[in-house]
Participant: 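A single structure is presented below for examination.
These figures come from a predicted structure and were not determined experimentally.
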Amino acid sequence: MRTLIVANWKSYKTTSEAKNWLYQLKMQEVESSSSKEVMLAPSFTLLPYVHSFIEANDMKISVGAQNVSPFAQGAYTGEVAAGQLSEFASFVVIGHSERRSYFSENETMLFNKVKQALQVNLQVIFCVQGKEAQVPDGVKIVAYEPVEAIGTGHPDSPEDAQNVAEEVKNRYKSVETVLYGGSVTADTVRNFTELSDISGVLVGKASLDAKAFIEIINNS
Ligand code: PGA
């Protein structure tokens with residue numbers, strides 16, 4: 001099974017900062033391989049640029065979005081529809097705890113987002129905060145991200161991550177891959193990627209610096 005290393009840039013980086021980061025990965029020849037898949041989720045504004053850079057430089061990095069509209073294209077001011085995303089993205093992160101808490105995204109809305117994404121064949125990384133979470137039909141990749149571990153410098157224990165991953169896979173037969181996210185660094189990544197039911201990591205803060213992210217990929 002491939003290890004997925006996903007960078008979640010959140011609301012960080014301008015185009016020139018994104019260029020600098022990508023250039024460093026290119027110089028280090030960091031790419032997906034048969035055992036690792038490198039994935040990057042920048043802000044909407046950066047998607048066209050990041051997509052073109054990766055294509056022009058023939059890099060093997062998958063590009064995705066951090067959010068998607070729960071509606072198809074239409075009169076929904078401020079939203080980006082799955083069909084629009086699919087020009088630039090191959091995956092989308094849905095249900096991040098920051099979306100749930102700061103933007104009041106509820107289960108119904110999240111289920112609609114997943115439906116929209118799957119309709120245009122965007123791969124979904126569905127975030128859950130614990131083992132009791134609901135996972136919509138058709139989701140193959142789940143990221144377990146406990147709220148108290150996000151951005152705090154205190155990752156969850158590998159035991160908890162393993163337990164949640166096992167339980168989610170048991171409860172939802174469509175789920176093939178479970179990632180761990182929450183304060184992952186180059187020093188801790190291996191504690192999670194070596195677990196039998198964890199197949200990768202979703203990295204926020206430590207993905208912003210190219211060198212730190214390259215170290216995470218190398219150590220995973
Ligand atoms: P963090 O964020 O690595 O900064 O804790 C992870 C995430 O929110 O996806």
Participant: Would you sort out whether N163 and K131 count as a side chain to side chain contact (heavy atoms under 4.5 Å, CB included), showing the intermediate values?
Facilitator: CA-CA 8 Å; N163 285 341; K131 57 173 108 184; 4.3 Å; yes

Participant: Rounded to the nearest 0.5 Å, how far does NZ of K13 lie from CG of L22?
Facilitator: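 Answer rounded to 0.5 Å: 9.0 Å.
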
Participant: Same cluster for V184 and W9 if Ile/Leu/Val/Met/Phe/Trp/Tyr side chains link at under 4.5 Å?
Facilitator: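 Hydrophobic grouping puts V184 with W9.
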
Participant: Please confirm whether the backbone N or O of A186 pairs with a side-chain atom of N219, one donor and one acceptor, at under 3.5 Å?
Facilitator: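 Checked: pair present.
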
Participant: Is it the case that the side chain of T185 and the backbone of D187 share a donor-acceptor pair, with hydrogens and angles ignored and the cut-off at 3.5 Å?
Facilitator: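 Yes, T185 side chain to D187 backbone: donor-acceptor pair under 3.5 Å.
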
Participant: Going by heavy atoms in the side chains, are R100 and M109 under 4.5 Å from each other?
Facilitator: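 No, too far: nothing below the 4.5 Å cut-off.
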
Participant: Any idea which heavy atoms bring T45 and P48 closest together, and the distance?
Facilitator: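 Answer, listing the atom of T45 first, then P48: O-CD, 3.9 Å.
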
Participant: So I198 and Y180, do their side chains get closer than 4.5 Å, heavy atoms only?
Facilitator: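 They are in side-chain contact.
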
Participant: Is L110 close to F126 at the side-chain level, that is, under 4.5 Å between some pair of heavy atoms?
Facilitator: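 A side-chain contact exists here, since the closest heavy-atom pair is under 4.5 Å.
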
Participant: Where do F111 and Q134 come nearest, in terms of heavy atoms and distance?
Facilitator: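 Answer, listing the atom of F111 first, then Q134: CZ-CB, 4.0 Å.
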
Participant: Taking everything shown except Y12 itself, do over 12 heavy atoms lie less than 6.0 Å from its OH?
Facilitator: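 Atom OH in Y12 is not crowded, with 12 or fewer foreign heavy atoms closer than 6.0 Å.
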
Participant: Say whether E166 and N170, considering side chains only, have a donor N or O and an acceptor N or O under 3.5 Å apart.
Facilitator: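 No.
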
Participant: Using 0.5 Å steps for rounding, measure from the CD atom of Q66 to the CG atom of N8.
Facilitator: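 Atom-to-atom, Q66:CD and N8:CG are 5.0 Å apart.
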
Participant: Distance check, rounded to the nearest 0.5 Å: L40 atom CG versus L25 atom CG?
Facilitator: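 If I round to the nearest 0.5 Å, the distance is 8.5 Å.
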
Participant: I need the S35 OG to R2 CZ distance, nearest 0.5 Å.
Facilitator: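 The OG atom of S35 sits 8.0 Å away from the CZ atom of R2.
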
Participant: Looking at every non-hydrogen atom in both residues, tell me the closest pair between A82 and L122 and how far apart they are.
Facilitator: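 Closest approach of A82 to L122: O-CD1, 4.0 Å.
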
Participant: Can you tell me how far apart CD (Q24) and CG (D209) are? Round to the nearest 0.5 Å.
Facilitator: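 Spacing of CD (Q24) from CG (D209) equals 7.0 Å.
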
Participant: Give a yes or no on whether K19 atom NZ has more than 12 heavy-atom contacts from other residues, nucleotides or ligands under 6.0 Å away.
Facilitator: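 Count not over threshold, so no.
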
Participant: We want to know whether Y144 and D156 form a side-chain donor-acceptor pair, criterion being a heavy-atom distance below 3.5 angstrom.
Facilitator: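 On atom types as modelled, these side chains qualify, holding a pair under 3.5 Å.
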
Participant: So which atom in T3 and which in I5 form the shortest heavy-atom distance, rounded to 0.1 Å?
Facilitator: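 T3 and I5 have their closest heavy atoms at CG2-CD1, 3.6 Å.
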
Participant: Roughly how far apart are I216 CD1 and T188 OG1, rounded to 0.5 Å?
Facilitator: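 I216 CD1 to T188 OG1: 7.0 Å, rounded to 0.5 Å.
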
Participant: As a quick check of understanding, evaluate side chain to side chain contact (heavy atoms under 4.5 Å, CB included) for Q73 and Q84, giving each step before the final call.
Facilitator: CA-CA 8 Å; Q73 290 189 43; Q84 296 177 292; 3.9 Å; yes

Participant: Would you kindly confirm whether L4 and I214 end up in one hydrophobic cluster when ILVMFWY residues are joined by side chain heavy atoms under 4.5 Å apart?
Facilitator: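 They do not share one cluster, since no chain of ILVMFWY contacts under 4.5 Å joins L4 to I214.
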
Participant: List the atom of A133, the atom of Y172, and the distance in Å for their closest heavy-atom pair.
Facilitator: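 Taking every non-hydrogen atom into account, O-OH, 3.5 Å.
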
Participant: Counting only heavy atoms not in N106, do more than 12 sit closer than 6.0 Å to its CG atom?
Facilitator: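 Yes, because the 6.0 Å sphere around CG of N106 holds more than 12 heavy atoms from other groups.
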
Participant: Classify the ring geometry between F71 and Y76 as parallel (under 30°), tilted (30 to 60°) or perpendicular (over 60°).
Facilitator: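 Aromatic pair F71/Y76 classed parallel.
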
Participant: Please test I54 against K60 for side chain to side chain contact (heavy atoms under 4.5 Å, CB included), starting from the C-alpha separation and ending with a verdict.
Facilitator: CA-CA 7 Å; I54 285 172; K60 292 193 192 71; over 6 Å; no

Participant: Looking at S90 and G64, would you say the former's side chain and the latter's main chain have a donor-acceptor pair under 3.5 Å?
Facilitator: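 No; zero donor-acceptor contacts below 3.5 Å.
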
Participant: For residues V178 and K169, determine if any side-chain heavy atom of one lies less than 4.5 Å from a side-chain heavy atom of the other.
Facilitator: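 The answer is yes; the side chains approach within 4.5 Å.
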
Participant: Assigning hydrophobic clusters by single linkage (Ile, Leu, Val, Met, Phe, Trp, Tyr; side-chain heavy-atom cutoff under 4.5 Å), is V114 placed with V92?
Facilitator: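 They do share one cluster, since a chain of ILVMFWY contacts under 4.5 Å joins V114 to V92.
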
Participant: For side chain to side chain donor-acceptor pair (under 3.5 Å), just list the numbers for H154 and E148, CA-CA rounded to whole Å, side-chain angles, deciding distance to a tenth of an Å, and then say yes or no.
Facilitator: CA-CA 8 Å; H154 301 292; E148 52 299 345; over 6 Å; no

Participant: Would a hydrophobic clustering, with Ile, Leu, Val, Met, Phe, Trp and Tyr connected at side-chain separations under 4.5 Å, put L47 with V50?
Facilitator: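 In one cluster with L47: V50, yes.
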
Participant: Less than 4.5 Å apart, any side-chain heavy atom of I94 and any of N67?
Facilitator: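 No. Closest side-chain heavy atoms not under 4.5 Å.
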
Participant: Just wondering, more than 12 heavy atoms not from K36 lying within 6.0 Å of its NZ?
Facilitator: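 Result for NZ/K36: enclosed.
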
Participant: Does a side-chain heavy-atom distance below 4.5 Å link T177 with V142?
Facilitator: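 They are not in contact (no side-chain heavy atoms under 4.5 Å apart), so the answer is no.
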
Participant: Using a 3.5 Å distance criterion without hydrogens, assess whether the side chain of E79 forms a donor-acceptor pair with backbone atoms of P70.
Facilitator: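 Flag not set: sc E79 to bb P70 has no pair under 3.5 Å.
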
Participant: Could you see if F91 belongs to whatever hydrophobic cluster contains I61? Use Ile, Leu, Val, Met, Phe, Trp, Tyr and a side-chain cutoff under 4.5 Å.
Facilitator: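 No, no single cluster joins them.
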
Participant: Let me know which of S97, C127, S183 forms a side-chain contact (heavy atoms from CB on, under 4.5 Å) with I150.
Facilitator: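 The single option meeting the side-chain contact (heavy atoms from CB on, under 4.5 Å) with I150 is S97.
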
Participant: Between E145 and L202, does the side chain to side chain contact (heavy atoms under 4.5 Å, CB included) criterion hold? Intermediate values first, please.
Facilitator: CA-CA 8 Å; E145 295 209 319; L202 183 50; 3.2 Å; yes

Participant: So do the side chains of I125 and V6 get within less than 4.5 Å of each other, counting heavy atoms only?
Facilitator: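 Counting from C-beta outward, I125 and V6 do come under 4.5 Å.
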
Participant: Is K115 atom NZ crowded by more than 12 heavy atoms from other residues, nucleotides or ligands, each under 6.0 Å away?
Facilitator: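 Check fails, neighbour count at 12 or below.
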
Participant: Going by atom types alone, do Q116 and S69 pair a side-chain donor with an acceptor below 3.5 Å?
Facilitator: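 No, no side-chain donor-acceptor pair sits under 3.5 Å.
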
Participant: Would you say W21's side chain and S207's backbone share a donor-acceptor pair under 3.5 angstrom?
Facilitator: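 The answer is yes, because a donor-acceptor pair under 3.5 Å joins these two groups.
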
Participant: Quick one, L46 and F44 - any side-chain contact, counting heavy atoms below 4.5 Å?
Facilitator: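 The answer is no, as the side chains (C-beta and beyond) never meet within the 4.5 Å cut-off.
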
Participant: Give a yes or no on whether the backbone of V139 and the side-chain of S174 come within a donor-acceptor separation of less than 3.5 Å.
Facilitator: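 Yes.
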
Participant: Where is the tightest heavy-atom contact between D197 and A165, given as atom of each residue plus distance?
Facilitator: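 So the minimum-distance heavy-atom pair works out to O-CB, 3.5 Å.
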
